[in-house]
Amino acid sequence: MSDVRPTKDDEIDLFEFFETLWDGKWKIILTTSLAAIIGVVFSVVKPNYFEVTTTLHSGKQSVFLKYTSLNDLLKNEGMLYQASMIPNGYIFSNDSVFKMFIAEFNDYEEMVDAVGTSDFVQKSIKDLDDDDKQRALIDFAKAFELKAPSKNEGNWALSFEWHDDLEGRQLLKDAILKTLVNIRNAAKENIDVFATAVDTRNSRELESLHNEMSLIENKQMGRDKKRIQYLIEQSAIAKELGIERNKLDPNGLTQSSENGISLSFNSIDVPYYLRGYKAIDKEIELIRNRTQEQMLLSADNYLELKEKVVSLENDLASSQLRDASKTIEIDNPNDWVEFDMALADSKSQRKSKLYVALSIVSGGMIGVLFVLVSNAVRKRRERLAKA
């Protein structure tokens with residue numbers, strides 16, 4: 001049995017392959033050059049974007065020292081934030097302000113307002129309706145991100161991708177400053193709410209105390225009327241019996257019997273008219289001439305209630321809270337968080353070399369394929385013509 005050898009058409013002739021490429025070198029060079037030109041034009045025409053990143057920190061503790069008294073006041077009033085005990089409370093410090101900043105910035109409202117001032121953005125959305133404009137503004141705003149720290153990094157980061165490095169920095173800075181102003185306004189409103197709450201609480205307590213004091217006053221007036229009526233009757237009896245002056249012998253209230261047994265008499269059991277109508281009438285006169293304040297001094301719990309009323313009427317908590325509110329209102333919030341756009345890292349997203357390199361490779365491959373296919377077609381036609 002004879003060996004089957006491959007025909008010449010089935011063999012790959014490397015010399016012929018490279019000879020074909022060499023013969024078509026100008027075609028390959030032409031397609032490669034055209035592709036390179038296209039790559040250069042694309043890299044120039046394609047809008048460039050910059051990725052900018054900078055760190056963000058909470059403000060220094062020294063910036064918030066002026067609000068130490070505010071936090072002390074909130075603590076005294078039971079309004080200071082405590083995660084476990086008073087979760088609905090409030091605290092004004094560098095940490096709390098930084099948390100408020102993160103929450104406020106992440107709602108994109110300030111960033112939407114900022115990007116809306118960009119000429120580039122305005123031109124991009126000018127032909128859209130109102131709803132589409134708002135959606136487009138939100139999409140532009142989302143190009144600016146506030147990134148939480150990773151496990152390896154302890155700082156928050158602000159980053160964005162924008163076609164204009166300088167404009168992007170300015171838009172981000174504007175949004176940050178506007179966010180801080182909104183935080184300041186919200187903080188002022190919160191303190192004003194607490195001040196109003198203190199006033200309302202004090203008003204209610206004062207109203208309750210005044211009601212209690214009114215009840216005490218009515219009770220004391222009733223007691224005095226009852227006492228005067230009793231004294232009038234005792235005076236009448238003394239006058240009827242001709243007892244003008246006190247007939248009671250204090251030493252006689254306690255007597256000893258002959259067998260040494262002590263006989264004690266309770267003064268309550270002794271008729272009151274024996275004191276004489278002179279003393280009784282004087283007591284009636286004194287009771288009737290008492291001022292309201294003198295009358296209430298002998299009432300039970302009156303002095304305690306009076307002290308509470310005076311304390312509430314002189315409570316400075318609400319006025320001190322409003323003073324703190326004014327301090328917040330005139331404070332410059334730019335130092336409440338720390339960032340520096342001048343120190344931000346900027347990276348151009350334009351990869352011109354990569355585009356040109358890919359174009360050259362693609363053009364070369366297209367040129368090689370074109371030469372090989374053209375050569376194969378030509379040879380096939382020649383074989384068909386000979387046949």
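All residue numbers in this chain count up from 1 along the given sequence. The basis for the numbers below is simple: all heavy atoms, side chains too, and nothing from hydrogens, waters or symmetry mates.
- No side-chain heavy atom of E110 sits less than 4.5 Å from a side-chain heavy atom of F105.
- Between the S118 side chain and the A114 main chain, no donor and acceptor come within less than 3.5 Å of each other.
- In this pair, H163 and F120 present their aromatic rings tilted. The plane angle is within the 30 to 60° band.
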List the steps, then state whether side-chain contact (heavy atoms from CB on, under 4.5 Å) holds for E217 with M295.
CA-CA 8 Å; E217 180 180 354; M295 175 189 69; 3.8 Å; yes

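- A distance of 13.0 Å separates CD of E104 from CD1 of I176, quoted to the nearest 0.5 Å.
- Criterion: ILVMFWY side-chain heavy atoms under 4.5 Å apart, direct or through other members. Under it, V193 and I91 are not part of a common hydrophobic cluster.
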Kindly indicate, with the supporting measurements, whether the criterion side chain to side chain donor-acceptor pair (under 3.5 Å) is fulfilled by Q220 and D224.
CA-CA 6 Å; Q220 188 61 35; D224 285 352; 3.2 Å; yes

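- Remark: R227 engages E283 in a salt bridge, criterion side-chain N to carboxylate O under 4.0 Å.
- At a threshold of 4.0 Å, the pair D119-K126 does not count as salt-bridged, since none of the basic side-chain nitrogens sits closer than that to a carboxylate oxygen.
- Within the model, atoms CD1 of I228 and NZ of K225 stand 9.0 Å from one another, a figure rounded to the nearest 0.5 Å.
- Between the T200 side chain and the T196 main chain, a donor and an acceptor come within less than 3.5 Å of each other.
- Taking the side chain as every heavy atom from C-beta outward, D132 and R135 approach each other to under 4.5 Å.
- A salt bridge links R169 to D165: at least one charged side-chain nitrogen sits closer than 4.0 Å to a carboxylate oxygen.
- Considering only heavy atoms from C-beta on, I86 stays 4.5 Å or farther from Y81 through its side chain.
- The distance from atom CD1 of I284 to atom CD of Q234, rounded to the nearest 0.5 Å, is 10.0 Å.
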Worked verdict on E109 versus K178 for salt bridge (Lys or Arg N to Asp or Glu O under 4.0 Å):
CA-CA 10 Å; E109 289 184 6; K178 185 173 291 187; over 6 Å; no

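- Using cut-offs of 30° and 60° for the angle between ring planes, the W336 and Y67 rings count as perpendicular.
- Residues D192 and S325 bring a donor and an acceptor atom of their side chains to less than 3.5 Å of each other.
- Taking both residues in full, the closest heavy atoms of D199 and R322 are given as OD2-NH1, 2.8 Å, listed atom of the first, atom of the second, then distance.
- We find the CG-CD1 distance between D130 and I125 to be 9.5 Å, quoted to the nearest 0.5 Å.
- Between the NZ atom in K99 and the OG atom in S93 there is a gap of 8.0 Å [rounded to 0.5 Å].
- Connection of I287 to I216 is not established within any shared hydrophobic cluster, with ILVMFWY side chains joined at heavy-atom distances below 4.5 Å, either directly or through further cluster members.
- In terms of modelled atom types and a separation under 3.5 Å, the side chain of N202 and the main chain of E313 share no donor-acceptor contact.
- Residues Y277 and E240 have side chains that never bring a donor and an acceptor to within less than 3.5 angstrom of each other.
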Full working for side-chain contact (heavy atoms from CB on, under 4.5 Å) between M111 and L171
CA-CA 8 Å; M111 201 68 247; L171 292 176; 4.2 Å; yes

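- Linking ILVMFWY residues whenever their side-chain heavy atoms come closer than 4.5 Å, directly or via other members, leaves V309 and V198 in distinct clusters.
- Cluster annotation: L34 and L369 are assigned to distinct hydrophobic clusters (Ile/Leu/Val/Met/Phe/Trp/Tyr, side-chain heavy-atom contacts under 4.5 Å, transitive).
- A 4.5 Å side-chain heavy-atom check between L241 and L274 finds every atom pair outside the cut-off.
- Look at E329 and K326 and you find no salt bridge, because none of the NZ, NE, NH1 or NH2 atoms lies under 4.0 Å from a carboxylate O.
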Could you please spell out the steps behind the side-chain contact (heavy atoms from CB on, under 4.5 Å) verdict for E205 and D315?
CA-CA 12 Å; E205 290 185 8; D315 186 8; over 6 Å; no

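- Annotation for A141 and Y108: closest pair O-CE2, 3.8 Å, computed over non-hydrogen atoms.
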Yes or no on side-chain contact (heavy atoms from CB on, under 4.5 Å) for V112 and Q134, after CA distance, side-chain angles and deciding distance?
CA-CA 9 Å; V112 166; Q134 188 62 27; 4.1 Å; yes

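- E167 places none of its side-chain heavy atoms less than 4.5 Å from the side chain of Q170.
- Shown here is K278, whose NZ atom has no more than 12 heavy atoms of other residues, nucleotides or ligands within 6.0 Å.
- Looking at F144 and V115, their side chains come closer than 4.5 Å, going by heavy atoms from C-beta outward.
- Smallest separation of non-hydrogen atoms from V310 and N314: O-ND2, 2.7 Å.
- Here CG of D72 is found 10.5 Å from CD of Q320. Values are rounded to the nearest 0.5 Å.
- Side chains of E293 and Y302 form a contact here, defined as non-hydrogen atoms less than 4.5 Å apart.
- Salt-bridge annotation for K66 and D331: present, with a side-chain N of the basic residue lying under 4.0 Å from a carboxylate O of the acidic one.
- At least one test fails for R223 against the ring of Y230: distance under 6.0 Å to the centre or angle within 45° of the axis.
- In terms of heavy-atom proximity, I183 sits nearest to M100 at CD1-C, 3.8 Å.
- Side chain to side chain, E207 and N211 fail the donor-acceptor criterion of an N or O pair below 3.5 Å.
- Minimum interatomic distance between Q122 and G116 (heavy atoms only, all atoms of both residues): NE2-O, 3.0 Å.
- The same ILVMFWY cluster, assembled from side-chain heavy atoms under 4.5 Å apart, contains both V270 and I243.
- In terms of modelled atom types and a separation under 3.5 Å, the side chain of E304 and the main chain of N301 share no donor-acceptor contact.
- Residues E338 and S58 are not in side-chain contact: their nearest non-hydrogen atoms beyond the backbone lie 4.5 Å or more apart.
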Verdict with supporting geometry, D340 and K173, salt bridge (Lys or Arg N to Asp or Glu O under 4.0 Å)
CA-CA 9 Å; D340 192 344; K173 183 178 180 180; over 6 Å; no

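- Residue L172 is tested with L146, L158, L177, V52 for a side-chain contact (heavy atoms from CB on, under 4.5 Å); the sole match is L158.
- Minimum interatomic distance between A317 and L73 (heavy atoms only, all atoms of both residues): O-CD2, 3.7 Å.
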